[in-house]
Number of protein chains: 4
Amino acid sequence: MGNPDRKAEIRASAAEVFASKGFDGASIRDVAKAADMSLAGLYYYYRSKDEILFDIQNEAFTTLLDGHAEALAGIKDPEEKLQKVIEGHLAFFSANLASMKVMSRESEALPGELGAPVRELRRRYVRLLRGILDELGVDHPLHEIKTGVAVFLLFGMMNWMYTWYDEERDGSAADLADAVRLIFLRGLLRRP
Amino acid sequence: MGNPDRKAEIRASAAEVFASKGFDGASIRDVAKAADMSLAGLYYYYRSKDEILFDIQNEAFTTLLDGHAEALAGIKDPEEKLQKVIEGHLAFFSANLASMKVMSRESEALPGELGAPVRELRRRYVRLLRGILDELGVDHPLHEIKTGVAVFLLFGMMNWMYTWYDEERDGSAADLADAVRLIFLRGLLRRP
Amino acid sequence: MGNPDRKAEIRASAAEVFASKGFDGASIRDVAKAADMSLAGLYYYYRSKDEILFDIQNEAFTTLLDGHAEALAGIKDPEEKLQKVIEGHLAFFSANLASMKVMSRESEALPGELGAPVRELRRRYVRLLRGILDELGVDHPLHEIKTGVAVFLLFGMMNWMYTWYDEERDGSAADLADAVRLIFLRGLLRRP
Amino acid sequence: MGNPDRKAEIRASAAEVFASKGFDGASIRDVAKAADMSLAGLYYYYRSKDEILFDIQNEAFTTLLDGHAEALAGIKDPEEKLQKVIEGHLAFFSANLASMKVMSRESEALPGELGAPVRELRRRYVRLLRGILDELGVDHPLHEIKTGVAVFLLFGMMNWMYTWYDEERDGSAADLADAVRLIFLRGLLRRP
DNA sequence: AATGAATGAGTATTCATTCAT
DNA sequence: GATGAATGAATACTCATTCAT
């Protein structure tokens, strides 16, 4: 139903609106205005406000996961894998700040029906990273830090970005990815 | 205006409600019900929904900053300072999960009048940590990572906590503080 | 019930408030603030908002009617009577602008129970003036103008005052009374 | 926005409601019920309660002024002009009692933004009448009565009408216009 | 593919009023 | 005499959503 390009435009406008006003704080009218169409027109493309949020989150996770799958193809070294994932995550983040802000802040906003698939994607995403950390585990003999905790500390460094990141002031996403990788790997693995 | 104890009760109830539904998603009716009082009764203590949020954020920041001031009194070593701040932050976080979730997620919700003092407190908080990182600077000769970025990566590790932390599964706040400090210091300072 | 002086103070404050915001537009809180007392304190003197309005209107009508009774004592000539009444009305009006504005604008605001006595006073007031016009009737043989209408045209000239009168710009109440009398008598009686 | 006929219907219903309960005393629900539509439906046509009042007042003033402009076209004699204006005013008044009651009673209800254009129309209306009285000035050598005051006494006779006029009892608007003109002109000009 | 018109349910907030003290 | 605390009912207004066209 509906021209996919138009839908993508709407999705992008909606992400901006949700990012700046919050999902609950934004009205469908705000979204329609941002997408430069009538209120009723929106409902041709989306059946509900929730569905728009779902589409934003689903699209973002899918793109991220697909990107990682491609980037990791053929790579064996877990450190290199981690690097790729951090780079990919932050590159996508800085290129899609609105969507990622919505992803980070509105992760609980969707109720069961629509929320379940998104939660599943999120779990897959966590599992992907967790798997890589497990592979790194040999270098981490004393288990000072639980892997389950480490995963979320890493996500915290990256996802908190939406609250402060300013490319001009803070450098490129690639620089940022270096910083995150450096701190995390060196911190976790206690090697010089 | 209004008994301060009753106000503290309301604040706590409101923090729970805002934490679970989001500030915009929660209604004043929800807050009143959680505080077990009438809708109109709430307005005897708070003049607006915004004012409740302000009180939560203001109180949390003030308590955090006061706690740090006390904990840092007489301490010279910046590593030790950092440890105190991380411990204090996470201890408060885990003891006041609802408030901290609200702090983390609704940092932009307050408009000018009420938002300004909170933003100022937030800036003071960042400056406090930044100051400590600056003192650590000697060990950090190559400036691989900008201090301004490092501060926010640290905050990210800590503040993201509201999205995943489960004491039972993930250990005590003190353990978590150790993990954060370990990763951050070792990662940042590149020492064994 | 209640010290009558304090009650008079409250009445005066309330008249100011009702005059500036309208009876419906003003809140009991506004009145309490203007009277410099607590909301609940007001209810010691008045049992309801309506009762305050009643008191204002009742007091004003009673004072006006008493004043006229005194001023007309012993006077025979209807033209002189009319002069006295117009003078009295406008003098009271300009000395009690707030009350008279409330009288003029909120004449229908009071429901049955409290409204009835005020309506009766109003009718008495109209009858007083009508009686005087009837006495003038000899000079008015052709009945170009119904007395019932004339009374209200006269009231119109006087009561509309609250919308425009400014002593500085428009002169004293006595001057105004002269103008009203002149126009009305000469206009009505068609004499040079 | 919105069909202008439907808007006119709503305006008329609203005028009735505001006339009978007062602007502050009437609720938007009352207006919606009178217009036989839903509360929210009203907001498709008007963005606020104030805007409805504005529309009533603006429409009434505009119609009155346009009517006078047409009626006065080509007339030279100021007495004739005055007659036309009084007739037009009272004819409109009696044909639109509700609107005119609202105009008369709620002249201060609109705040700045919406109030300003209405106040300007009111000023134009006063100026129109004042201009005619100035032209009459030659017959009025002793200046017993200030023109500025005379204008408002005339308005008083006419606008007070909403408090008492009953066509059956008091005669047609045309008769009333005669009475007003007679009293005012004869009274002002002191001619037989 | 798109929209103008409409609505029921909900929003934050204010109201006149009460009552224990 | 006076007030702090509280409330049920109402306020103006906005919401996500629908439907005829």
Side-chain angles (χ1 to χ4, degrees), chain A residues 1-3 6-7 10 23-32 35-53, chain B residues 1-3 6-7 10 23-32 35-53, chain C residues 1-3 6-7 10 23-32 35-53, chain D residues 1-3 6-7 10 23-32 35-53:
Chain A
M1 182 209 301
N3 176 330
R6 193 82 182 86
K7 220 175 159 175
I10 297 171
F23 179 67
D24 282 313
S27 77
I28 287 277
R29 273 172 164 85
D30 294 329
V31 174
D36 196 34
M37 67 194 310
S38 78
L39 183 54
L42 241 182
Y43 279 85
Y44 179 78
Y45 294 94
Y46 289 100
R47 285 202 312 247
S48 72
K49 192 184 177 189
D50 281 355
E51 212 180 85
I52 304 177
L53 177 57
Chain B
M1 185 206 301
N3 175 327
R6 193 84 181 82
K7 223 176 156 176
I10 298 172
F23 179 67
D24 282 314
S27 77
I28 287 278
R29 274 175 162 83
D30 294 331
V31 175
D36 196 34
M37 68 194 311
S38 75
L39 180 53
L42 237 182
Y43 279 87
Y44 184 78
Y45 293 92
Y46 288 100
R47 286 204 312 246
S48 69
K49 193 183 177 189
D50 281 356
E51 210 180 271
I52 304 178
L53 178 57
Chain C
M1 181 208 302
N3 175 331
R6 193 84 183 83
K7 221 174 158 178
I10 297 172
F23 179 67
D24 282 312
S27 78
I28 286 277
R29 275 174 162 83
D30 294 329
V31 174
D36 197 34
M37 68 194 312
S38 79
L39 184 52
L42 240 183
Y43 280 85
Y44 179 78
Y45 293 94
Y46 288 101
R47 286 203 310 248
S48 72
K49 194 185 177 188
D50 282 354
E51 212 180 86
I52 304 177
L53 178 57
Chain D
M1 186 206 298
N3 176 326
R6 192 87 182 80
K7 225 176 155 175
I10 297 172
F23 179 67
D24 283 314
S27 78
I28 287 278
R29 273 174 163 83
D30 295 330
V31 174
D36 196 33
M37 69 194 309
S38 76
L39 180 55
L42 236 184
Y43 279 88
Y44 184 77
Y45 293 92
Y46 289 100
R47 287 203 310 248
S48 70
K49 193 185 177 187
D50 281 356
E51 211 180 88
I52 304 178
L53 178 57

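Proteins come first, then strands; the chains are lettered A, B, ... in the order of their sequence lines, and each starts at number 1. Side-chain atoms are counted along with the backbone in the values below, which use heavy atoms only and exclude waters and symmetry mates.
- In this structure, D/M37 and D/I10 approach most closely via the heavy-atom pair SD-CD1, 3.7 Å.
- Distance CG (B/D36) to C1' (F/dT7): 13 Å, rounded to an integer number of Å.
- Closest approach of C/Y45 and C/K7 over heavy atoms only: O-CE, 3.7 Å.
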task = At under 4.0 Å between heavy atoms, which parts of nucleotides 16-21 of chain E does protein reach? Answer with one letter per nucleotide, 5' to 3': B base, S sugar-phosphate only, - none.
result = BBBB--

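- Here the P atom of nucleotide E/dA2 and the CG atom of A/L42 are 11 Å apart, to the nearest Å.
- Contact record, A/R47 with A/E51: N-OE1, 3.3 Å, taken as the closest heavy-atom pair.
- Atom CG of B/D24 is separated from atom CZ of A/F23 by 11.5 Å, given to the nearest 0.5 angstrom.
- Atoms OH and CD1, on A/Y46 and A/I28 in that order, are 10.5 Å from each other to the nearest 0.5 Å.
- Rounded to an integer number of Å, the gap from CE of A/M37 to P of E/dG4 is 12 Å.
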task = For DNA chain E, produce a single dot-bracket line, 5' to 3'. Pairs: Watson-Crick or G-U wobble, both distances under 3.5 Å. Symbols: ( ) within strand, [ ] crossing, | other strand, . unpaired.
result = .||||||||||||||||||||

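- Applying the side-chain hydrogen bond (donor to acceptor under 3.5 Å, both in side chains) test to A/S48 and every residue at least two apart in sequence or in another chain returns nothing.
- Taking atom CG of residue D/D30 and atom P of nucleotide F/dA10, one finds them 11 Å apart after rounding to whole Å.
- Of all nucleotides listed (E/dG8, E/dA1, F/dG8), F/dG8 comes nearest to the side chain of B/S38.
- Between the CD1 atom of B/I10 and the C1' atom of F/dA6 there is a distance of 11 Å, rounded to whole Å.
- Remark: D/Y44 is not in phosphate contact with E/dT7, judged by side-chain N or O atoms under 4.0 Å from OP1 or OP2.
- For the pair B/Y46 OH and F/dA5 P, the interatomic distance rounds to 14 Å; values are reported in whole Å.
- The line from CD1 of A/I52 to CG of A/L42 is 5.0 Å long, rounded to the nearest 0.5 Å.
- For the pair C/D36 and C/R6, the tightest heavy-atom approach, listed with the atom from each and the gap, is O-NH2, 4.1 Å.
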